[in-house]
**Student:** 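One structure is given below, represented as structure tokens, and several questions about it will come after.
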There are 2 protein chains.
Amino acid sequence: MTAGHFLTARSQNTVNGAIMGIAERREREKEKRRESIIDAAEKVFFSSGFENATMLDVAKKAELSKGALYLYFQSKNELCMAILNRSLKILVSQMKNLLRNSELTGLEKIGNLGKLFINFSQSQKDHYKALLSYREHKEHCPDNGRIFQNCKKTNKEINSLIAAMLHSGVEDGSIRQDIDQEKISIIIWGNFSGFLPSSILTEENLKIAPAEVMNYFFELVKIAIAKEKE
Amino acid sequence: MTAGHFLTARSQNTVNGAIMGIAERREREKEKRRESIIDAAEKVFFSSGFENATMLDVAKKAELSKGALYLYFQSKNELCMAILNRSLKILVSQMKNLLRNSELTGLEKIGNLGKLFINFSQSQKDHYKALLSYREHKEHCPDNGRIFQNCKKTNKEINSLIAAMLHSGVEDGSIRQDIDQEKISIIIWGNFSGFLPSSILTEENLKIAPAEVMNYFFELVKIAIAKEKE
DNA sequence: ACACAAAATGACTGCTGGTCATTTTCTGAC
DNA sequence: GTCAGAAAATGACCAGCAGTCATTTTGTGT
């Protein structure tokens, strides 16, 4: 207890002077190391495939020991999720550009989104692969970890961006008002990423029941393919 | 060489009598054993999860040694694929019933297909899970094996069944004639099974370029959500 | 009773994700 | 400069499992 008081006193002491700056620098360095490990992991995983690559390979590439990796990531799967989050962020950044483009109607944005997706899957094959392996890794990734939470967050952001495109289309009159923006964004994103089937199974992540989304999907298809009555 | 002749002579000898019958019985028994291993694997994998379940567990459940499993399946992944094929066949059988139903228009069949899918994913959760893990296992499953080929075949059958529903709709006038039946069936099935993103990546399995299918998907969505001009 | 083939066994190997006692490096205090 | 304690890093080690293979058991025809 007395010792505790001393410690507290000392740490308060360290508030002034250079000490606090060092703590911050340490934090920055830790973050940098974390990123450099992800860099290494990207190279190794992308070239050998997630399964074949070993943690030792990653450690070597990062010029660290195997044990050190586990100071920064809880497991191989969590490391994969960190890569996935990068993949998602690439998409987010591209989609933001598209959303910003004021020369396009909302409907046209949706059309271009398709092209954006295709382009991504071709020019960033490895990242797209990472994206598709989401389900695999998620199952063995601790829910608590901040990395997993980040992925969830970025994923939500993507859905919001699609919804925003739809919304802008409703605003500018290029898209009907009676559509369910949220459902359609899930459908579009789910179709590209394979998230929709996954969420049907887990029933997580969505306020709307995934089954309902699937129903809506079939409604849309029906609208698109039905023969006009009159 | 001489020995070879003797062998040939003897095996020809065995054509008459009970011997040929025994060979056939053996073949049947082998097939039965194969099925019983899949039975065991289903129970074990479904209850412990694909990752956690071990081949030893399966062997015990099947009342065989571990080594024996490898007389019937090349790998754990191939065994998983065998289960997947069962899952697909359940769907095929249900879809055949739906297709046969002559009281429904083609358009209605497509609508009911959505409900069929949802129902499957809820009542056959484990099989649906197996379905979604296709990609995982495929990568580590020998292309040559007959089991993998079977899965491919059943998968194609499903696409054909959807296409047939669409076709019947065109015939009975409930569905427009200008739709691309093949693409739409891939979209619908891909949306449910996650096969579409997968095939975008691998570019296999489809005569049509997966990217083109994705484009078409966005076209459909646009038709369904666009504001009518006049 | 024998010879041969098919089926089955289970001890063994190689590999890898993850751990942890130990060592090295950093940092502030005296 | 040097000492103590914290933070970072190490790498030998462990446990567990997919897959193998020399050996044994079983089935079959002569």
Side-chain angles (χ1 to χ4, degrees), chain A residues 3 6-7 9-34 36-37 41 44-45 48-60 62-80 137 140-142, chain B residues 3 6-7 9-34 36-37 41 44-45 48-60 62-80 137 140-142:
Chain A
F6 274 124
L7 278 173
R10 187 161 58 195
S11 62
Q12 279 174 345
N13 225 356
T14 61
V15 168
N16 52 17
I19 298 169
M20 214 46 194
I22 286 176
E24 280 157 11
R25 192 208 60 201
R26 277 240 170 115
E27 197 52 44
R28 276 201 311 277
E29 280 177 354
K30 204 165 182 180
E31 201 52 44
K32 259 202 171 163
R33 180 131 292 172
R34 198 187 278 274
S36 82
I37 291 174
V44 172
F45 287 152
S48 311
F50 290 100
E51 290 290 323
N52 301 322
T54 74
M55 287 302 264
L56 192 61
D57 293 338
V58 176
K60 275 179 186 161
E63 293 172 299
L64 279 171
S65 70
K66 192 161 82 151
L69 298 188
Y70 289 89
L71 296 174
Y72 295 89
F73 298 93
Q74 290 189 47
S75 68
K76 191 184 183 188
N77 283 296
E78 201 182 44
L79 191 44
C80 291
H137 300 305
H140 309 283
C141 197
Chain B
F6 274 125
L7 279 173
R10 186 160 61 194
S11 61
Q12 279 176 346
N13 226 355
T14 61
V15 170
N16 52 15
I19 298 168
M20 214 46 194
I22 285 177
E24 280 158 11
R25 191 209 59 201
R26 278 240 169 116
E27 197 52 46
R28 276 201 312 277
E29 282 177 350
K30 205 166 179 176
E31 201 52 43
K32 259 201 171 164
R33 180 130 294 173
R34 197 187 279 273
S36 82
I37 291 174
V44 172
F45 286 154
S48 312
F50 290 101
E51 290 289 324
N52 302 321
T54 74
M55 288 301 264
L56 192 61
D57 293 338
V58 176
K60 275 179 187 163
E63 293 172 300
L64 279 171
S65 69
K66 190 159 86 153
L69 298 187
Y70 289 89
L71 296 173
Y72 295 89
F73 299 93
Q74 291 189 48
S75 67
K76 190 184 181 185
N77 284 296
E78 200 182 44
L79 190 45
C80 290
H137 300 305
H140 308 281
C141 197

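Each chain gets a letter, A, B and so on, in the order the sequences are listed, and its residues count up from 1.
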**Student:** Between protein and nucleotides 9-20 of chain D, map the contacts as a letter string: B base, S sugar-phosphate only, - none, heavy atoms under 4.0 Å, written 5' to 3'.
**Tutor:** BBB-----SBBB
**Student:** Before giving the answer on side-chain contact (heavy atoms from CB on, under 4.5 Å), spell out for A:Leu71 and A:Arg33 the whole-Å C-alpha distance, their side-chain angles and the decisive distance to 0.1 Å.
**Tutor:** CA-CA 11 Å; A:Leu71 296 174; A:Arg33 180 131 292 172; over 6 Å; no
**Student:** Just by distance, do the side chain of A:Lys76 and the backbone of A:Ala53 share a donor-acceptor pair under 3.5 Å?
**Tutor:** yes
**Student:** Does B:Glu63 have more than 12 heavy atoms from other residues, nucleotides or ligands lying within 6.0 Å of its CD?
**Tutor:** no
**Student:** Go through the steps for B:Asp57 and B:Phe45 under the test side-chain contact (heavy atoms from CB on, under 4.5 Å), then give the verdict.
**Tutor:** CA-CA 9 Å; B:Asp57 293 338; B:Phe45 286 154; over 6 Å; no
**Student:** What is the separation between atom CD1 on B:Ile37 and atom C1' on C:dA7, rounded to the nearest whole Å?
**Tutor:** 12 Å
**Student:** For the pair made of CD in A:Glu78 and C1' in C:dG18, what is the distance, rounded to whole Å?
**Tutor:** 14 Å
**Student:** Counting distance only, does the side-chain N/O of B:Glu31 pair as donor-acceptor with the main-chain N or O of B:Glu27 below 3.5 Å?
**Tutor:** no
**Student:** Provide, to the nearest angstrom, the distance between the NZ atom belonging to A:Lys60 and the C1' atom belonging to C:dT16.
**Tutor:**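 Answer to the nearest Å: 13 Å.
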